[in-house]
Student: 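This is the structure, below, for whatever I ask next.
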There are 2 protein chains.
Amino acid sequence: MKKSHLDAAIGELIHAVGLLVRRVRAAAGPEELSLSAAAVLKRLDQDGPATISSLARAESMTSQSMGTIVAALEEDGLVKRKPHPTDGRQFLIQFTEKGKVLRKSRSAAKRAWMAQAVAQLDKDEQDVLFEAAKILKRLAER
Amino acid sequence: MKKSHLDAAIGELIHAVGLLVRRVRAAAGPEELSLSAAAVLKRLDQDGPATISSLARAESMTSQSMGTIVAALEEDGLVKRKPHPTDGRQFLIQFTEKGKVLRKSRSAAKRAWMAQAVAQLDKDEQDVLFEAAKILKRLAER
DNA sequence: TATTGTTATACTCTATAACTATA
DNA sequence: TATAGTTATAGAGTATAACAATA
């Protein structure tokens with residue numbers, strides 16, 4: 001790809017993700033979790049209990065911001081904290097029973113909007129999108 | 001794709017774009033434009049002068065929010081407003097000379113981060129990403 | 001000394017509500 | 001009446017700074 005084309009493509013990519021995030025957020029229902037809060041639950045589901053710092057690193061946020069998100073999830077009864085077995089400074093954040101049950105339903109409106117949008121694409125386009133999601137995640141985590 | 005796989009892929013997609021937006025935002029330099037402000041300049045560049053309402057619709061925001069963004073760009077001297085030729089309520093937002101010159105440099109740090117990240121992918125992955133950007137944009141604009 | 005987490009504070013982005021002017 | 005834009009106000013999300021406890 002020529003440099004000018006690459007440059008334009010970078011601009012398109014940034015624009016597209018920004019736009020989509022705004023669109024998804026706007027679709028959120030009244031009781032919905034934020035994108036970040038949903039991301040935390042997703043990580044706990046996939047990787048098991050984790051500390052606030054590790055969650056913050058994984059989601060590209062400061063630990064203070066992650067602390068706020070975890071506190072809100074705790075307040076909501078979706079996660080609880082357990083003392084770290086060997087390090088007295090840390091806590092392991094993990095699901096409550098309620099959290100396991102409500103994990104997806106608390107992001108239902110956003111997921112529904114996205115599902116409806118994706119359903120309007122043909123199969124090849126869907127595949128490109130889901131492949132891209134994996135690449136984007138790797139990119140952002142580096 | 002089976003329903004459960006599709007459901008998981010939807011979750012991955014939402015997670016990935018949210019994460020990437022946070023990552024890109026965190027890369028922003030001190031004088032950088034917001035993602036939304038950069039998106040407005042990009043649209044003016046591609047489509048020519050536009051009204052606040054049309055920009056708001058295009059970027060999935062309320063016209064009040066877009067008014068704030070345009071006012072900030074105006075304050076910065078990057079855009080100016082011209083009365084609409086036939087409708088006395090509307091304004092056409094367009095670039096100033098300064099705006100044309102500074103359009104990309106005011107998003108330089110975010111673009112640089114993304115360019116560096118994309119450069120670490122192999123060519124096939126880059127193609128998937130840029131193809132996905134087009135699809136995502138169509139999706140978000142519907 | 002470095003790291004984990006908390007508290008306090010402030011900024012950015014966007015929304016809702018109420019209004020004015022024009023169509 | 002309906003639409004374009006403005007002003008005022010509020011909320012969500014995240015950051016920086018200063019601190020306490022533990023490693």
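So you know, we letter chains A, B, ... as the sequences are listed, proteins then strands, and number each from 1.
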Student: Is there a path of hydrophobic side-chain contacts, each under 4.5 Å between heavy atoms of I, L, V, M, F, W or Y residues, that connects L19(B) with V70(A)?
Tutor: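 In one cluster: no.
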
Student: Between the side chain of R23(B) and the main-chain N/O of A140(A), is any donor-acceptor distance below 3.5 Å?
Tutor: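 It does hold such a pair.
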
Student: I need the CZ-P distance between F91(B) and dA21(C), as an integer number of Å.
Tutor: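 The answer, rounded to whole Å, is 13 Å.
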
Student: Would you indicate whether E75(B), at its atom CD, is surrounded by more than 12 heavy atoms from other residues, nucleotides or ligands within a distance under 6.0 Å?
Tutor: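 Count not over threshold, so no.
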
Student: Judged by each residue's nearest nucleotide on DNA chain D, which is more toward the 5′ side, S60(A) or D87(A)?
Tutor: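 This one resolves to S60(A).
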
Student: Starting at CZ of R57(A) and ending at P of dG5(C), how long is that distance when rounded to a whole Å?
Tutor: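 R57(A) atom CZ is separated from dG5(C) atom P by 9 Å.
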
Student: Would you check if the side chain of E32(A) reaches a backbone N or O of A109(A) as a donor-acceptor pair within less than 3.5 Å?
Tutor: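 At least one qualifying donor-acceptor pair exists.
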
Student: Could you state the CD-C1' distance from Q90(A) to dT6(C), rounded to the nearest angstrom?
Tutor: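 Roughly 15 Å, once rounded to whole Å.
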
Student: Between dT14(C) and T62(B), is there an OP1 or OP2 to side-chain N/O distance shorter than 4.0 Å?
Tutor: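 Result: no.
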
Student: For the hydrophobic clusters of this structure (ILVMFWY residues joined by side-chain heavy atoms under 4.5 Å, transitively), does one cluster hold both I69(B) and L35(B)?
Tutor: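 No, I69(B) does not connect to L35(B) through the hydrophobic network.
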
Student: Has the side chain of R106(B) got a donor or acceptor atom that lies under 3.5 Å from a matching backbone atom of E31(B)?
Tutor: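 Flag set: sc R106(B) to bb E31(B) pair under 3.5 Å.
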
Student: Counting the atoms with a prime plus P, OP1 and OP2 as sugar-phosphate, which does S53(B) contact under 4.0 Å by heavy atoms, base, sugar-phosphate, or nothing?
Tutor: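 S53(B): backbone/sugar contact only, no base atoms under 4.0 Å.
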
Student: From the 5' end of DNA chain D to its 3' end, which nucleotides mark the outer limits of contact with chain A, defined by a 4.0 Å heavy-atom distance cut-off (strictly under)?
Tutor: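 Nucleotide range in contact with chain A: dG13(D) to dA23(D).
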
Student: Provide, to the nearest angstrom, the distance between the CE atom belonging to M61(A) and the P atom belonging to dT6(C).
Tutor: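 One finds 13 Å between P of dT6(C) and CE of M61(A), rounded.
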
Student: May I have the distance from I52(B) (atom CD1) to dA21(C) (atom C1'), rounded to whole angstrom?
Tutor: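 From I52(B) CD1 to dA21(C) C1': 14 Å.
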
Student: Distance-only, no hydrogens or angles: does the T96(B) side chain make a donor-acceptor pair with backbone N or O of G77(B) under 3.5 Å?
Tutor: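 It does hold such a pair.
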
Student: For residues E59(B) and H15(A), is any side-chain donor paired with an opposing acceptor at under 3.5 Å?
Tutor: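 Result is yes, a qualifying pair exists.
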
Student: Taking E125(B) for the side chain and D122(B) for the main chain, is one N or O donor matched with an acceptor at less than 3.5 Å?
Tutor: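 At least one qualifying donor-acceptor pair exists.
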
Student: On DNA chain D, nearest-nucleotide positions of Q64(A) versus T86(A): which is more 5'?
Tutor: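 Closer to the 5' end of DNA chain D: Q64(A).
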
Student: Check DNA chain C against residues 20-48 of chain A and give the residues with a non-hydrogen atom under 4.0 Å, in numerical order.
Tutor: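 Output list: R22(A).
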
